[in-house]
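Here the structure is laid out as structure tokens; the discussion comes afterwards.
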Amino acid sequence: MFELENPKYFYLLALIPIVVALFLFNLFWKRKKQAAFADLELFKKLSPEKSTFKPVLKLIILLLALACVIIALVNPKMGTKMETVRRQGIDIVFAIDISKSMLAEDVAPNRLEKTKQLVSQIINQFGNDRVGIVGYAGSAYPVLPMTTDYSIAKMYLQSMNTNMVSSQGTAFNDAIKLSVDYFDIKDTSKLIILVSDGEDHGDGADEAIEMAQEKGVRILTIGVGTEKGALIPLKDDRGNIASYKKDQNGENVITKLYPEVLQNIANKTKSKYIVGSSTKEVVEEVKKSLDKIEKSEFESQQIADFESQYQWFLGLGFLLLLADVFLLEKKTNWVQKLNLFNEKKHE
């Protein structure tokens, strides 16, 4: 098993065809200048020890050295074994509202981006907890299965947008049901952190809440937005506001925060509702809630002993560069006697 620490450096491999192109251009330029000065056969007689193959060999060595240095920058890591790790924590699923109403800008920069900030900061407080992510609008969409890799979780979080679910609206029922299905270990403490503006265009969440209660799942809710509300901007490809979302009568839609809906969901599962206006306060309140939940022990498998391998490629690259420096372009006597490359001798 292996992983790449800095795969972005693979872009530097684009230097290899550039170096080859420069070599060919230089070779063409030299031959053109030599042809203008004298016959090429005359040059071969004047410099009989000059090899036609050595420059190509030096180029190959240089390219190999460059490739080794680039791979060293990427830093491949090898994992030597799988091991089972016992952890104590909570299984947490973030159910994130990605309906169009989350584009409203009554909180900066908008409700969805504010949600990402909140969730990212909450994840930063986790230790051994497993985390999953669900996105929902008119239907629910699985974004990330349960994992302890928080960097992956935050990467998937940042990729979420309002186009992930085609059906619009806010279906708490589907979101809670899918989140409950995420909990694949029976005897762990389970928590859903549902982040939304509270607009419910579905059939209500009573059925899903009852399912959550039966399985011992608590639902902590976070409200993002203002009760005053705001218009829903529709932006063009450049990010400029082109228009605002309108209803069937052609009137601008004003979306508001409905805290009572989120408060009701939290109360029914003996959890709490948090106003999502201040990131610091949200993180503190969530931390307090997590501290009250009993941690469960569970097992997870992970690859252990990942070790960096960059030093091998760096060392090989250095040796190749050293060989390139000391490799002269004149013919090698013993190779010349073998005449492997069919180089003609000139008297």
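Reckoned from all heavy atoms, side chains included, excluding hydrogens, waters and symmetry mates. Remember, predicted model here, so these are calculated numbers, not experimental data. FYI, the numbering just counts along the sequence from 1.
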Over all atoms of both residues, closest heavy-atom pair of Phe183 and Leu191: CZ-O, 3.7 Å

Return the minimal non-hydrogen interatomic distance between Ile90 and Asp129, and the atom names on each side. N-OD1, 2.7 Å

Identify all side-chain donor-acceptor contacts of residues 115-122 below 3.5 Å with residues at least two apart in sequence or on another chain.
| residue | atom | partner | partner atom | Å |
| --- | --- | --- | --- | --- |
| Thr115 | OG1 | Arg111 | O | 2.8 |
| Lys116 | NZ | Glu113 | OE2 | 3.4 |
| Lys116 | NZ | Gln158 | O | 3.0 |
| Lys116 | NZ | Met160 | O | 2.7 |

Go through the structure and list residues passing side chain to side chain donor-acceptor pair (under 3.5 Å) with Glu227, not counting sequence neighbours. none

Taking the basic N atoms (NZ, or NE/NH1/NH2) and the acidic carboxylate oxygens, is any pair closer than 4.0 Å for Lys272 and Glu285? yes

Among all residues two or more places apart in sequence or in another chain, which pass the side chain to side chain donor-acceptor pair (under 3.5 Å) test with Glu284? none

Looking at side-chain heavy atoms only, is the closest gap between Tyr244 and Leu234 below 4.5 Å? no

Taken in chain and number order and not counting sequence neighbours, the residues that satisfy side chain to side chain contact (heavy atoms under 4.5 Å, CB included) with Leu319 are none

Hey, what do you get for NZ (Lys8) to CG (Leu73), rounding to the nearest 0.5 Å? 10.0 Å

Would Asp197 and Lys114 satisfy salt bridge (charged side-chain N to carboxylate O under 4.0 Å, His left out), going step by step from the backbone distance to the final call? CA-CA 11 Å; Asp197 52 23; Lys114 180 65 175 181; over 6 Å; no

4.5 Å side-chain heavy-atom contact, Ile92 and Ile193: yes

Heavy-atom pair with the smallest gap, counting every atom of Asp324 and Ile61: CB-CG2, 4.0 Å

Verify same cluster id: Val282, Leu112 (apolar side-chain graph, 4.5 Å): yes

Heavy-atom closest pair (Tyr310 atom, Ala72 atom, distance to 0.1 Å) is CB-O, 3.2 Å

Are Asp174 and Ser139 linked by a side-chain donor-acceptor pair shorter than 3.5 Å? no

Heavy-atom donor-acceptor pair, Thr221 side chain to Leu262 backbone, under 3.5 Å: yes

Return the set of residues passing salt bridge (charged side-chain N to carboxylate O under 4.0 Å, His left out) with Glu105 (not counting sequence neighbours), or none when no residue passes. Lys235

Does the Tyr182 side chain pair with the main chain of Ile133, one donor and one acceptor, at a distance under 3.5 Å? yes

Leu4 side chain near Lys77 side chain, heavy-atom distance below 4.5 Å: no

Do any N or O atoms from the side chain of Asp247 and from the backbone of Gly250 form a donor-acceptor pair under 3.5 angstrom? yes

Between Asp97 and Val195, does a side-chain contact (heavy atoms from CB on, under 4.5 Å) hold up when you go through it step by step? CA-CA 6 Å; Asp97 190 345; Val195 191; over 6 Å; no

Of the non-hydrogen atoms in Ser196 and Tyr136, which two are nearest, and what is the gap between them? CB-OH, 3.1 Å

Do Asn240 side-chain atoms and Asp236 backbone N/O form a donor-acceptor pair below 3.5 Å? no

Any chance you could measure Glu5, atom CD, to Asn75, atom CG, to the nearest 0.5 Å? 4.5 Å

Supply the atom-to-atom distance Leu13 CG to Ile70 CD1, rounded to the nearest 0.5 angstrom. 4.5 Å

Tyr156, OH: over 12 other non-hydrogen atoms inside 6.0 angstrom: no

My understanding is that only one of Ile192, Ile209, Leu220 makes a side-chain contact (heavy atoms from CB on, under 4.5 Å) with Ile265; could you say which? Ile209

If you measure from the Lys or Arg side-chain nitrogens to the Asp or Glu carboxylate oxygens, is any gap between Lys268 and Asp206 under 4.0 Å? yes

Pair Asn264, Glu260: side-chain N/O donor-acceptor within cut-off below 3.5 Å: no

Would you kindly confirm whether Ile254 and Val261 end up in one hydrophobic cluster when ILVMFWY residues are joined by side chain heavy atoms under 4.5 Å apart? no

Is it true that the side chains of Thr255 and Glu199 contain a donor and an acceptor less than 3.5 Å apart? yes

Grouping I, L, V, M, F, W and Y whenever their side-chain heavy atoms are under 4.5 Å apart, do Val253 and Val107 come out in a common cluster? no

Any luck finding a side-chain donor-acceptor pair between Ser271 and Thr269 under 3.5 Å? no

Check whether any side-chain heavy atom of Asp91 sits under 4.5 Å from a side-chain heavy atom of Met146, and report yes or no. yes

Please check if atom NZ in Lys246 has more than 12 non-hydrogen atoms from other residues, nucleotides or ligands closer than 6.0 Å. yes

Taking atom CD of Glu281 as the centre, does the number of heavy atoms from other residues, nucleotides or ligands within less than 6.0 Å exceed 12? no

Is a side-chain donor or acceptor of Asn110 paired with a backbone partner of Ala108 at a separation under 3.5 angstrom? no

Going only through I, L, V, M, F, W and Y residues with side-chain contacts under 4.5 Å, is there a path from Ile96 to Ile123? yes

Working note: Ile176 + Val217, criterion side-chain contact (heavy atoms from CB on, under 4.5 Å); need CA distance, chi angles, decisive distance, verdict. CA-CA 10 Å; Ile176 295 171; Val217 179; over 6 Å; no

Ser189 side chain to Ile293 backbone, donor-acceptor under 3.5 Å: no

Closest non-hydrogen contact found for Gly127 with Tyr150 is O-OH, 3.2 Å

Pairs involving residues 145-167, ordered by first then second residue, that meet salt bridge (charged side-chain N to carboxylate O under 4.0 Å, His left out) (sequence neighbours left out): none

Joint cluster assignment, Leu178 & Met211, ILVMFWY side-chain distance < 4.5 Å: yes

May I ask you to check whether over 12 heavy atoms, not counting those of Gln311, lie within 6.0 Å of atom CD? yes

